[in-house]
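Encoded as structure tokens, the structure appears first; notes follow it.
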Amino acid sequence: MAHFYLTTPIYYVNAEPHLGHAYTTVVGDAIVRTRRLLGDDVFFLTGTDEHGQKVERAAKAKDMTPQAFTDAISGSFKQLFEHLSISNDDFIRTTEPRHINAAQAIWRRVLERGFLYKAQYEGWYCTVDEAFVPETQLVNGRCPDCGGAVDRVSEESYFFKLSEFEKPLLDLYERDPEFITPDIRRNEVLSFVRAGLKDLSVSRTSFKWGVPVPDDPKHVMYVWFDALTNYITAAGFPDDTAKFDRFWPADVHLMGKEIVRFHAVYWPAFLMAAGLPLPRRIVGHGWWLMNDAKMSKSLGNVVRPQSYTKVFGVDAFRYFCLREMTLGHDASFTDPAFLTRYNADLANDLGNLVSRATTMVHRYCGGVVPEASTAAEDPALTRQLRELIPSVQSRMGESYQFSLALRDIWEAISSTNRYIASKEPWALARDESKRNELNGVLYQSADALRIVAGLIEPVMPNTSPRIRKMLGIGPQNWHQLQNERLRPGTRLGETEPLFPRIEKTVEELRQMSDQENRTAPGTATAPEAATGAGTDPASDKISIDAFMNVELRTAKVLAAEAVPKSKKLIKLQVDLGTEQRTILAGIAEAYQPETLVGRTIVIVANLKPAKLMGIESNGMVLAASPEGGKPVLVSVDAEPGWRVR
Ligand code: MSP
């Protein structure tokens, strides 16, 4: 039996889980469910990354000990994954003794083999990314990746001899072009390594929340050294050699594109230094975007999966994520797209097939699957379904093209719906001489539904068994899916609605989901939720998080004109560095439009758009005004697009 070990990243516990975290885990879950259906011996790992300065600071901000804080947030991740029907075999927390033991064991091996030395580290550190940033890469003195502030670090540190692995890594990428996929990620890593690798600082002395370096407890390990090791901890390293031999090396490390570098450069180098086998494949997917920016806690633009599962159900959420995003590319998460996919694909296409294929057997055959008959067979449909099975198996189980696999399944659903409509079984039923043909139509539609139910199982694990129950059959692995057919004489279960149409406007949904954000299941006991929307109920003070939810940015005025028929409004065209926007400002009584051009002002960048005088305004300018007096714009001497905090 083939073994298959897949990992997701372990998620930082500095804040509550959001759609991005859910997405990776759902993709991983769909892959491993496919592999299980193909008969593999699967090990699927997810978990939480609990050490490091970022988590330590987040705990401090909540006035909690790091352990209590990480317990609560790690619990939220666990709960969310259960809620999303994630079938992980293990959930690792880096604060567990088994992991501390493994991290210290790999450290010792790397040290003994001569790849660690002590020296002084002088440089910059980005706590948001938990990454050292070379001085030459700073952008306006800030982190080039997240735009956040960087700290100056000057301390004794252990260094890992990463520079010695430049050639072995390039050889690895050359030898195995599939090691990093998709290609765009591979090319990024290649140019990063070709530009030259410097030795890497792998311990810190200025804080304590980490795995102690063995025999030198003044140092804690750099959080990425500790975190990456989780993949071997859970595979049994160093003590459970039977498990380790069974599952290591991992088949797939799955992650978002921003952390491919850590997995494709640092991790194989650490493993080579420790003399351990390398993982087989690093797969980097794209990001969910909100208004063209990465959805992330630090930008305050996150979607909580529970807002959608509450309204549409878990399987609809999983379906949307996998149908809408092409692995490797970015995608926008929008309510209209969600609503359309739900109503068109699930309520309409799949819903129609399920209801027609089963109710007809109830109505015309007393609920018992009739004999198959070639009388009404549509050879094109038969061929489409037969070819669909291996194609979906390889797209879901090997190349991870879920969007294409689902598109193909939905094409087969449409073909079957068209087949039913064209054969008009309701007309055949009126003519006893057409009984054979009617049976043929009913049989072929019901068997098509059996295949559809099987193929959607990795993506929609709750819907498949419900459809099978309606068809009166039990679970089927993919060998059975391909080689067995519906047995005539099978008694169907009751037909039930699966995805009722949701006749709501996007605005109504937004209100429902906004509401849900505040009371999302799985977050109620977490520290963040305990303080509501960031307000401390004991005083009228707000938390730093509540403030940071407001995204203030500098913007340069490119053009300004009075809004016709309005005494107060000026229409501004502003530049935010990465985009231009139109904003309406109520400052016409205080400023002549032309005097505004060229100024750099401060705006609220994440305000919901609003229409004023028929013009859509995307943001709000900041101005100070005395009681009853004219407003004075907040102007700053800065480049456009900087965050104000
Ligand atoms: N703790 C590290 C990973 C260590 S692995 C040894 C970390 N954690 S994280 O909490 O920041 O999670 C990052 C992962 O969450 C991304 O790699 C990706 O899998 C997922 N996502 C977070 N935001 C995302 C989007 N906006 N879109 C899609 N996935 C994203 O990095």
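The analysis underlying the following values was restricted to heavy atoms, covering all of them including side chains, and did not include hydrogens, waters or symmetry mates. Note that ligands are numbered from 1 as they come in the structure, with each ligand's atoms numbered from 1 the same way.
C143 is not listed as a side-chain neighbour of V128, based on a closest heavy-atom distance of 4.5 Å or more. Between Q104 and P212, some side-chain heavy-atom pair lies under the 4.5 Å cut-off.
Taking each of W287, F77, F262, Y231 in turn, the one with a heavy atom nearest to atom 6 (C) of ligand 1 proves to be Y231. Checking Y11, Y12, F225 against atom 7 (C) of ligand 1, the nearest heavy atom belongs to Y12. Nearest-residue assignment for atom 17 (O) of ligand 1 (options G47, A15, G256; heavy-atom criterion): G256.
Few gaps surround NZ on K54; more than 12 heavy atoms of other groups in view lie less than 6.0 Å from it.
Side-chain contact of Y308 with D335: a donor-acceptor pair under 3.5 Å is present, judged by distance alone. Between the side chains of S87 and D29, at least one donor-acceptor pair of N or O atoms lies under 3.5 Å. Side-chain contact check for Q67 and T65: no donor-acceptor pair (N or O, by modelled atom type) lies under 3.5 Å. Judged purely by distance below 3.5 Å, without hydrogens or angles, the side chains of H253 and T7 pair a donor atom with an acceptor atom.
The protein atom (non-hydrogen) at minimum distance from atom 3 (C) of ligand 1 is I10 O, 3.2 Å. The single protein non-hydrogen atom nearest to atom 19 (O) of ligand 1 is T24 OG1, 2.5 Å, given as residue, atom name and distance. Looking from atom 24 (C) of ligand 1 to the surrounding protein, the closest heavy atom is G20 CA, 3.5 Å.
Close approach of ligand 1 to H263 (heavy-atom distance below 4.0 Å) involves ligand atoms 5 (S), 6 (C). Near H18, the atoms of ligand 1 lying under 4.0 angstrom from a non-hydrogen atom of the residue are 22 (C), 23 (N). Those atoms of ligand 1 with a heavy atom of M295 less than 4.0 angstrom away are 23 (N), 25 (C), 26 (N). Each of the atoms 28 (C) of ligand 1 lies under 4.0 Å from some heavy atom of G286. Shown in contact with W288 at under 4.0 Å from a heavy atom are these atoms of ligand 1, numbered in order with element: 25 (C), 26 (N), 27 (N), 28 (C). Close approach of ligand 1 to D49 (heavy-atom distance below 4.0 Å) involves ligand atoms 1 (N), 2 (C), 4 (C). Listed by atom number, the atoms of ligand 1 under 4.0 Å from W224 heavy atoms are 2 (C), 3 (C), 4 (C), 5 (S), 6 (C). Near A227, the atoms of ligand 1 lying under 4.0 angstrom from a non-hydrogen atom of the residue are 6 (C).
Contacts with ligand 1 closer than 4.0 Å are made by no heavy atom of E130, backbone or side chain.
Ligand 1 lies within reach of E258, whose nearest heavy atom is under 4.0 Å from it. Residue contacts with ligand 1: K257 is excluded, as none of its non-hydrogen atoms falls under 4.0 Å.
A cation-pi arrangement is not found for R341 relative to F320, the charged atom failing to lie both closer than 6.0 Å to the ring centre and inside a 45° cone about the ring normal.
Ionic pairing of D90 and R98 is present here: one or more N-O contacts between side-chain nitrogen and carboxylate oxygen are shorter than 4.0 angstrom.
D330 contributes no side-chain N or O that, together with a main-chain N or O of G286, makes up a donor-acceptor pair within less than 3.5 Å.
The ring-ring contact (aromatic ring centres under 6.0 Å, His included) test applied to Y12 returns no partner, not counting sequence neighbours.
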